[in-house]
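One structure is given here, and the rest of the page talks about it.
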Amino acid sequence: MNGNIFRLVILALLAVLALPFAAVAQDGEVTDLGEGDLKVSFWHGLGGSDGATLNEMLVNFVDENPDIGVTAELIPWDTLYAKLQAAFLAGTPPDLVLMHASELPQYASYGVIREMSDWYTSGGGWLPDEDLAPSTYGGMHYDGVLYGIPLDNHGMGQWINVDHFEAAGLDPDGPMPDSYEGWVELFQQLTLDENGNNAASDDFDAENVVQWGYSVRQYPRVIFLAHLAQHGGSLVSEDGTTVTVNSEAGIAALQNSVDLVYKYNVSPVPAGFNAWEGYANGALSVLPAGTWFLNFSRTIDVNSKAIAFNQFGPEPAAWFGAHTFFVPAILEGEKLGAVETLLQWVSANQGHWAMSGQVPALLSVQASLDPENFPSNIVMGASFADHGVVDFSSTVTAELYRTGLEPELNAALNGQKTAEQALNDAAERMQAILDRGE
Amino acid sequence: MTGASARPGAGPDWRPAWLPEINLKRREEIAAWLFLTPFLIFFAVFIGRAMFAAVQMSFYDWHALRPSRPFVSFENYEELLRDDVFWFALKNTIVFTAMTVAGTTVVALAAALAVTQPVRQANFFRVLLYMPSLFSVGAVGLIWVWLLNSQFGVINYGLSFFGIRPVNWLGDPALVLPALSLTTIWWAFGFPMLIFIAGLQGIPEHLYEAARIDGANGRQLFFNITLPLLRPTILFVTVTGVIGHFQVYGQPFIMTNGGPGRSSYTVIFYFYHTAWASFRMGYGAAVAVALAVIMAVVTVVQFLVISRRVEY
């Protein structure tokens with residue numbers, strides 16, 4: 001009897017220890033859809049809440065196209081780029097891959113992705129060129145040739161906790177500030193210590209904050225790019241040869257975010273703070289996040305509302321990019337036909353993609369969205385159309401960002417360097433990368 | 001068809017007549033080579049060739065997908081010498097390795113001593129303590145990110161009962177390497193524990209009996225018998241530990257992404273960033289070759305220092 005109990009305890013322990021494996025196994029998942037003999041392998045990095053909508057669309061596609069199956073593999077973005085490099089080298093890339101438009105020049109310059117001009121109406125195809133916003137359409141080009149099919153305009157906005165706003169006596173439906181000082185004041189009113197004092201109060205205890213007004217944790221690069229543009233700066237000079245990230249505008253832009261943490265105490269130190277979870281648990285009032293947050297917002301017990309991205313500088317600006325489909329240059333025959341069918345179907349069903357919160361790439365679909373069902377798409381989409389800024393486009397963009405800029409932004413926001421020092425260090429590394437890439 | 005002669009006591013000789021007689025030493029050598037050959041083929045194809053390719057690649061401006069790969073001689077190595085991020089990552093790697101090897105060795109030895117005591121269910125505890133080693137680095141990283149979380153982490157929750165304010169384990173530049181090291185010690189001490197158990201079982205019991213008769217206490221037994229006779233085991237554990245932990249990558253990749261800032265950059269993490277995220281395979285290869293050389297030097301030094309006092 002004792003032996004049985006002992007074995008039972010061991011089995012229970014093993015089961016408990018195995019739980020993490022089950023949890024981990026759900027990430028990096030492969031979804032095999034459809035019974036069709038012609039299988040399209042598809043890689044993407046939509047690990048945010050928008051991935052669920054993509055899967056719904058693919059299920060609908062294989063239902064309507066029984067001859068074609070889709071094996072969709074979700075891979076975190078950074079890993080996807082590394083894996084893709086190896087796959088191209090080995091000559092075994094997926095049949096279709098979804099990446100960011102900013103990656104296009106690099107892969108196009110290597111000659112590993114297919115020219116897509118023949119799929120646009122200007123080349124006799126089915127995707128109307130004129131139905132894309134100029135910035136999106138321009139981002140599909142490298143050396144004057146079209147290389148991608150855009151899925152959306154995804155970009156930054158903000159998600160606010162309506163109950164926090166109302167509790168602080170703020171109107172969540174009213175106009176938002178249009179200056180840094182205005183936003184600081186708003187964040188101060190929303191930041192509360194454990195005694196209920198807000199950050200504007202003389203009695204505020206910055207060591208015991210239970211509710212933060214804002215967080216600089218998420219997406220520091222794209223937020224910086226927007227704030228940089230708001231201050232009239234740019235990452236690189238107009239001729240593309242000189243890094244200008246450490247200009248006065250750049251330093252002012254980064255200093256704004258740094259001060260929210262260390263001067264005004266309205267944002268936690270970013271490292272170690274999980275902003276999405278903080279927002280979900282009521283510990284954060286204004287979450288800078290993008291169009292992709294919609295599905296997640298529906299799963300949490302927070303009265304949320306999407307608003308446009310904040311304005312810290314003199315001019316408004318909001319970062320946005322485009323999820324873009326690419327096809328390997330080596331793909332041909334039936335597989336290429338199946339991929340074209342899939343992309344044509346996805347483009348025709350961009351209205352469904354809008355349910356993920358993302359702004360569809362096609363202007364006609366954007367115009368068809370109704371404010372009642374798609375409020376976040378519309379408010380953020382309008383900001384992208386009005387004052388959107390996109391990534392710097394070059395063959396070394398990935399290296400500029402990942403090796404040069406992002407670690408320095410991270411260092412400044414975590415108090416390891418001053419804004420000026422961080423941007424000077426970033427500029428030095430980025431200039432070397434740019435010079436080497438020329 | 002068999003050989004005409006057979007050595008006394010060696011049994012019947014099934015050697016074909018055309019095969020010359022081979023002496024025992026030669027036969028043992030042949031047997032050894034036959035056993036080694038599969039591994040050597042594997043080594044040559046999958047490791048030796050890759051090492052050679054890496055060294056070769058480090059002399060080129062080699063972007064994996066770019067058609068042209070110009071020869072740049074020692075330029076990658078010259079850049080490496082000037083690259084402050086590489087040196088910073090190397091310093092981090094050395095600090096991490098020192099903390100982790102020391103911690104793993106001490107914890108593994110303590111665990112081995114505990115589970116070799118004559119207690120009931122000792123095997124159960126051996127299995128239990130070894131279990132973390134079976135986890136993948138991905139699972140370990142994700143588990144510990146939550147355990148160490150500054151907002152909701154169990155560790156901070158436990159510390160709060162002692163009046164300790166929440167600690168930002170993975171966000172504080174001064175704590176991030178110790179936190180990664182702590183994670184790794186928990187994950188990795190199982191294998192050296194097994195090695196120590198084997199080492200402890202190899203110490204003759206009569207040495208302890210004689211010492212006890214002479215009045216030695218437990219502390220004296222440990223420091224004068226156990227520890228000296230475990231030196232070969234300690235050498236093995238530390239040398240393999242240094243080699244393994246010098247190549248740390250998964251923990252910073254999953255738990256901190258090298259941050260905050262570059263506070264948890266390690267050499268292999270930097271190699272990944274350079275070669276795979278920034279596509280600079282040639283420079284990445286130079287980083288990898290430099291690390292291999294440094295590890296070889298460290299290993300030789302370790303052997304020279306520790307093996308002087310090893311009693312086999």
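Both backbone and side-chain heavy atoms feed into the values below; hydrogens, waters and symmetry mates do not. Not measured: the values here are computed from a predicted model. Each chain gets a letter, A, B and so on, in the order the sequences are listed, and its residues count up from 1.
Side-chain contact check for A:Tyr110 versus A:Phe88: every heavy-atom pair is 4.5 Å or farther apart. The shortest distance between side-chain heavy atoms of B:Phe152 and A:Asn281 falls below 4.5 Å. Between B:Val140 and B:Trp186 there is a side-chain heavy-atom pair separated by less than 4.5 Å. Taking the side chain as every heavy atom from C-beta outward, B:Gln251 and B:Trp144 never approach each other to under 4.5 Å. For the pair B:Val137 and B:Phe253, the minimum side-chain heavy-atom distance is 4.5 Å or more. At least one side-chain heavy atom of B:Tyr77 sits less than 4.5 Å from a side-chain heavy atom of B:Val289.
Ring centroid separation for the pair B:Tyr249 and B:Tyr272 comes in under the 6.0 Å cut-off.
Taking A:Asp205 as the reference, nothing meets the salt bridge (Lys or Arg N to Asp or Glu O under 4.0 Å) condition, with sequence neighbours excluded.
Residue A:Tyr401 does not touch chain B at all, counting heavy-atom pairs closer than 4.5 Å. Residue contact with chain B, scored on non-hydrogen atoms closer than 4.5 Å, involves the backbone and the side chain of A:Asn274 alike. In this structure, chain A has heavy atoms under 4.5 Å from both the backbone and the side chain of B:Phe279. A:Thr395 does not touch chain B: none of its heavy atoms, backbone or side chain, sits under 4.5 Å away. Contacts of A:Glu406 with chain B are absent, with no heavy-atom separation under 4.5 Å from either backbone or side chain.
Between B:Met255 and B:Thr183, the shortest heavy-atom contact is CE-OG1, 3.5 Å.
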* To do: Go through the steps to decide whether A:Lys83 and A:Glu73 satisfy the test side-chain contact (heavy atoms from CB on, under 4.5 Å), and finish with yes or no.
  => CA-CA 12 Å; A:Lys83 205 173 162 179; A:Glu73 191 168 348; 3.0 Å; yes
* Let me see the working for A:Glu277 and A:Arg217 under salt bridge (Lys or Arg N to Asp or Glu O under 4.0 Å), right down to the final yes or no. => CA-CA 12 Å; A:Glu277 290 299 329; A:Arg217 168 69 177 84; over 6 Å; no
* To do: Take A:His100 and A:Asp391 through the test side-chain contact (heavy atoms from CB on, under 4.5 Å) and record every step on the way to the result.
  => CA-CA 10 Å; A:His100 295 99; A:Asp391 284 299; 5.9 Å; no
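A:Phe224 does not carry A:Arg221 over the face of its six-membered ring by the limits of under 6.0 Å from the centre and within 45° of the normal.
Between chain B and the options A:Pro407, A:Gly111, A:Ala411, the largest number of non-hydrogen pairs under 4.5 Å is found for A:Pro407.
Atom CD of A:Glu428 sits in a sparse spot, with 12 or fewer heavy atoms from other residues, nucleotides or ligands closer than 6.0 Å.
Among the residues in residues 83-95 of chain B, those with a non-hydrogen atom closer than 4.5 angstrom to a non-hydrogen atom of chain A are B:Asp83, B:Asp84, B:Val85. When the heavy atoms of residues 412-420 of chain A are compared with those of chain B, the residues falling under 4.5 Å are A:Asn414, A:Gln416, listed by number. The contact list for residues 260-268 of chain B toward chain A, using heavy atoms and a distance under 4.5 Å, reads B:Pro260, B:Gly261, B:Arg262, B:Ser263, B:Tyr265 by residue number.
At least one donor-acceptor pair under 3.5 Å links the side chain of B:Asn76 to the backbone N or O of B:Tyr60. Formation of a donor-acceptor pair under 3.5 Å by the B:Arg126 side chain with backbone atoms of B:Val115 is found in this model.
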